Structures are given as structure tokens and as C-alpha cells.
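One structure is given below, encoded as C-alpha cells.
Since we're looking at a predicted model, the values are computed, not measured.
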Amino acid sequence: MSELKGRHQFPDYDLSGKIFVVTGGAQGLGLSLAEALAEAGAKVYCLDRADHPAQEWDEALARIAPEWGGSLIYRQQDVTDTEHLHQVFEEIAGENQRMDGVLAAAGIQQLCPAMEYTCEDAEKMMAINYIGVLQTASAAARQMFRYKCRGSICLVASMSGTIANKGLISPVYNSSKAAVIQLARNLAMEWSQVRGDGAGGIRVNCLSPGHILTPMVLKNFEEVPGLEEKWCEENMMGRLARPEEFRGAALFLLSNASSFMTGANLVVDGGHTAW
């Protein structure tokens with residue numbers, strides 16, 4: 001039970017004093033989710049491979065009110081550079097003497113028929129979308145075990161991990177997201193119990209968004225005429241999502257509000273996969 005219960009509004013969502021890492025966190029969906037964690041009081045390290053974050057990063061920084069206690073910090077990092085990735089997590093945990101969780105949102109997409117994929121193309125996508133997620137989760141868990149922080153890990157998958165998207169030819173992308181969903185179940189089984197030395201208690205869940213209006217999706221619309229209209233027609237709500245509509249789900253999964261939830265896949269897709 002939160003020690004703030006009864007003395008604070010929605011105490012189970014309070015992340016004051018907590019340390020989180022968000023990969024793919026300097027733009028798009030990752031940045032939107034990182035901002036939500038900072039608004040809840042967390043110190044959030046946003047890892048991204050860009051040399052310098054885009055304009056939307058500066059806009060997000062300007063929205064963070066100091067009185068909330070949270071902050072956003074940028075670190076350049078490619079999730080496929082495994083050795084340096086683990087080093088960065090060790091440095092962040094060492095600086096703060098704790099690590100409370102990670103949100104693995106880094107990912108890429110490529111439209112390509114299965115028979116035209118080269119091994120190099122497929123390996124690149126799996127290196128970021130699956131192996132990068134595995135190594136990100138492992139790097140976080142290593143520090144969470146070290147500092148005995150019973151926190152939460154959220155892997156960003158996709159509804160594309162459970163369906164074949166009509167009009168979107170992306171078999172390797174969809175397969176990579178299916179692998180992430182299965183990975184979350186296995187990591188949850190491995191890390192969720194508290195061990196005899198007090199380490200463990202790490203919950204691992206997936207967040208599977210539906211179609212979101214991000215630069216990656218807008219590029220799909222340029223490549224496939226009529227795709228946006230098709231997806232809107234097939235969604236119960238008749239529209240696509242905005243990145244900020246997943247903030248509450250991420251905060252739920254990374255806070256004590258979901259304290260008895262692990263190994264689950266939270267699908268937020270506007271009803272797309274329900275009919």
C-alpha cells in the first residue's frame with residue numbers, strides 16, 4: 001500500500017523520487033509517454049539514437065512544471081549497441097542509487113512483401129524491435145536487482161503483434177511485435193517473484209497501441225494511397241489515435257496502480273481488433 005494513501009490524490013500513480021528510462025524517448029510516442037512519467041514526479045532518462053532531440057523535445061521540456069518534481073534528461077543511445085546500453089543503465093542507476101523501471105519504446109518499421117525481404121533488412125528490424133527490447137529490459141532488470149528496486153518494465157509492442165494489418169505489408173515488423181509480447185510473458189515469469197535476498201518483484205507487461213498518427217505512420221500513408229481512410233473505417237471509433245492518448249496506460253503500467261499485473265498485454269486500439 002502506498003504510504004501516501006489517504007494523504008494524496010491518486011497516490012498509486014505518484015512516481016515522486018522514482019528513476020525511469022525510456023528508449024525511443026526523444027520523439028513521437030516515446031516522448032509523449034516519458035512526459036507523462038515526469039508529470040507524475042519521476043526523473044526520466046530518455047534514450048534515443050539522434051545526435052540531438054527534435055523540436056518537440058524542447059516543447060516537452062517547457063511543459064514540465066518544476067513543482068511537479070519530475071524531469072526529462074536526454075542521453076544519446078542506440079539500443080543495438082548492447083555493451084554501451086548496459087553501461088548507460090549502470091551509470092544512471094549509480095548516479096541515483098536506484099532504478100525503478102524502463103519503458104522500451106524504440107522501434108522501426110519497413111513496408112516490404114515477405115518474398116522481397118533480404119536477410120540484412122530482416123536482421124536490422126529484429127535487432128532494434130526485438131533484441132534491442134530484450135537488452136533494454138535486461139539492462140534495467142540487472143540494476144533493479146542490484147539495488148533491490150521492485151519496479152515495473154513496460155515493453156511497447158503493437159496490436160500488429162496479434163493481427164495481420166489489412167493494407168499494410170509488414171510481416172517482419174508484425175512478427176517482431178509478436179515476439180515482444182511473448183518476451184514480456186517470459187520475463188514476467190522470470191523476474192516477478194521476490195527472491196530470498198529481497199531482490200526481484202519486477203513486473204513486466206506490454207502496451208500494444210493501435211494505429212497512431214506518428215511520423216512513421218504518416219509515411220505509410222504516403223506509400224499506400226487510401227490506407228488512412230481504410231484504417232479509420234475499420235476502427236470502432238472511426239479515427240486513429242494521437243500519441244498522448246497512451247499516456248495514462250503507460251503511467252498505469254509503470255506505477256503501483258497496476259501492482260498485481262504482470263505478464264499481460266494491454267491493448268489500446270480504439271476497438272480495432274474487437275470486430
Could you walk me through whether L266 and S208 pass side chain to side chain contact (heavy atoms under 4.5 Å, CB included), step by step?
CA-CA 6 Å; L266 180 59; S208 284; over 6 Å; no
Let me check something: any side-chain donor-acceptor pairs from residues 18-29 under 3.5 Å, sequence neighbours excluded? List them with distances.
from: T23; atom 1: OG1; to: A105; atom 2: N; distance (Å): 3.1
from: T23; atom 1: OG1; to: A106; atom 2: N; distance (Å): 3.4

Excluding sequence neighbours, so at least two apart, what forms salt bridge (charged side-chain N to carboxylate O under 4.0 Å, His left out) with R185?
none
Would you be so kind as to tabulate the donor-acceptor pairs closer than 3.5 Å made by side chains of residues 212-220, with sequence neighbours excluded?
from: T214; atom 1: OG1; to: V217; atom 2: N; distance (Å): 3.4
from: N220; atom 1: ND2; to: Q109; atom 2: OE1; distance (Å): 2.6

Which pair of heavy atoms, one from A157 and one from C206, lies closest together, and at what distance?
CB-SG, 4.0 Å
Check salt bridge (charged side-chain N to carboxylate O under 4.0 Å, His left out) between E91 and all other residues, then give those that pass, not counting sequence neighbours.
none
Any side-chain heavy atom of L47 within less than 4.5 Å of one from V79?
no
Kindly indicate whether the side chain of F145, heavy atoms from C-beta on, has any atom under 4.5 Å from the side chain of R195.
yes
Any ion pair linking E233 and R239 (charged N to carboxylate O, less than 4.0 Å)?
no
Heavy-atom pair of closest approach, residues Y130 and V180:
CD1-N, 4.2 Å
Does the side chain of Q97 come within less than 4.5 Å of Y147's, by heavy atoms?
yes
Carboxylate-amine/guanidinium contact R63 E39, below 4.0 Å:
no
Within the distance-only criterion (no hydrogens, no angle test), does the side chain of T162 pair as donor or acceptor with the backbone N or O of M159 below 3.5 angstrom?
yes
Holding to salt bridge (charged side-chain N to carboxylate O under 4.0 Å, His left out), I want the full list of residues that pass it with K230, two or more places apart in sequence or in another chain.
E234
Distance-minimising heavy-atom pair for L72 and A34:
CD2-O, 3.6 Å
Could you list the residues that satisfy side chain to side chain donor-acceptor pair (under 3.5 Å) with T82, not counting sequence neighbours?
none
Can you list the steps and then say if H272 with I163 is a side chain to side chain contact (heavy atoms under 4.5 Å, CB included)?
CA-CA 10 Å; H272 194 102; I163 63 168; 4.2 Å; yes
Closest heavy-atom pair, I153 versus A137, reported as atoms and distance to 0.1 Å, is CD1-O, 3.8 Å
Start with the C-alpha gap between R150 and V194, add the side-chain angles, then the distance that decides, and say whether side chain to side chain contact (heavy atoms under 4.5 Å, CB included) holds.
CA-CA 8 Å; R150 300 178 188 179; V194 179; 3.3 Å; yes
May I ask whether L33 and I181 are part of the same hydrophobic cluster, defined by side-chain heavy atoms of I, L, V, M, F, W, Y residues being less than 4.5 angstrom apart, directly or through others?
no
Picking from N205, L207, V102, what satisfies side-chain contact (heavy atoms from CB on, under 4.5 Å) with C154?
L207
Is the backbone of I202 close enough, under 3.5 Å, to the side chain of S192 for a donor and an acceptor to pair up by distance?
yes
Check side chain to side chain donor-acceptor pair (under 3.5 Å) between N174 and all other residues, then give those that pass, not counting sequence neighbours.
N165, S170
Would you kindly say whether S259 and N256 are connected by a side-chain donor-acceptor distance under 3.5 Å?
no
Verify the neighbour count for atom CD of E120: are there more than 12 heavy atoms of other residues, nucleotides or ligands below 6.0 Å?
no
List the steps and the verdict of side chain to side chain contact (heavy atoms under 4.5 Å, CB included) for L15 and S255.
CA-CA 7 Å; L15 299 180; S255 69; 3.9 Å; yes
Determine whether more than 12 heavy atoms belonging to other residues, nucleotides or ligands lie under 6.0 Å from atom CD of E59.
yes
So does Q77 get a backbone contact from the side chain of R49, meaning a donor-acceptor N/O pair under 3.5 Å?
no
Quick one: do E90 and R142 satisfy salt bridge (Lys or Arg N to Asp or Glu O under 4.0 Å)? Show the steps, please.
CA-CA 9 Å; E90 183 176 356; R142 188 185 302 273; over 6 Å; no
Do I169 and Y173 belong to the same hydrophobic cluster, where Ile, Leu, Val, Met, Phe, Trp and Tyr are linked whenever their side-chain heavy atoms lie under 4.5 Å apart, directly or via other members?
no
With sequence neighbours excluded, what pairs up with E244 under the side chain to side chain donor-acceptor pair (under 3.5 Å) test?
R242
Side chain to side chain, Q76 and D48, heavy atoms closer than 4.5 Å:
no
Scan for ring pair (Phe, Tyr, Trp, His ring centres under 6.0 Å) pairs involving residues 217-266, sequence neighbours excluded, and state none if there are none.
H211-W231, F221-W231
Under the side chain to side chain donor-acceptor pair (under 3.5 Å) test, which residues partner N96, sequence neighbours left out?
K43, Y45
Mark yes when over 12 heavy atoms from residues, nucleotides or ligands other than R247 sit less than 6.0 Å from its CZ; otherwise mark no.
yes
What pairs of residues pass the salt bridge (Lys or Arg N to Asp or Glu O under 4.0 Å) test when at least one of them lies in residues 97-117, not counting sequence neighbours?
R98-D100
If you count every heavy atom of other residues, nucleotides or ligands that lies below 6.0 Å from M236 atom CE, does the total exceed 12?
yes
Which heavy atom of V204 sits nearest a heavy atom of W191, and at what distance?
CG2-CE3, 3.9 Å
Contacts of Y117 that satisfy ring pair (Phe, Tyr, Trp, His ring centres under 6.0 Å) - sequence neighbours left out:
none
So, are E95 and R75 salt-bridged, with charged N and O less than 4.0 Å apart?
yes
Are the side chain of S258 and the backbone of M261 linked by a donor-acceptor contact shorter than 3.5 Å?
no
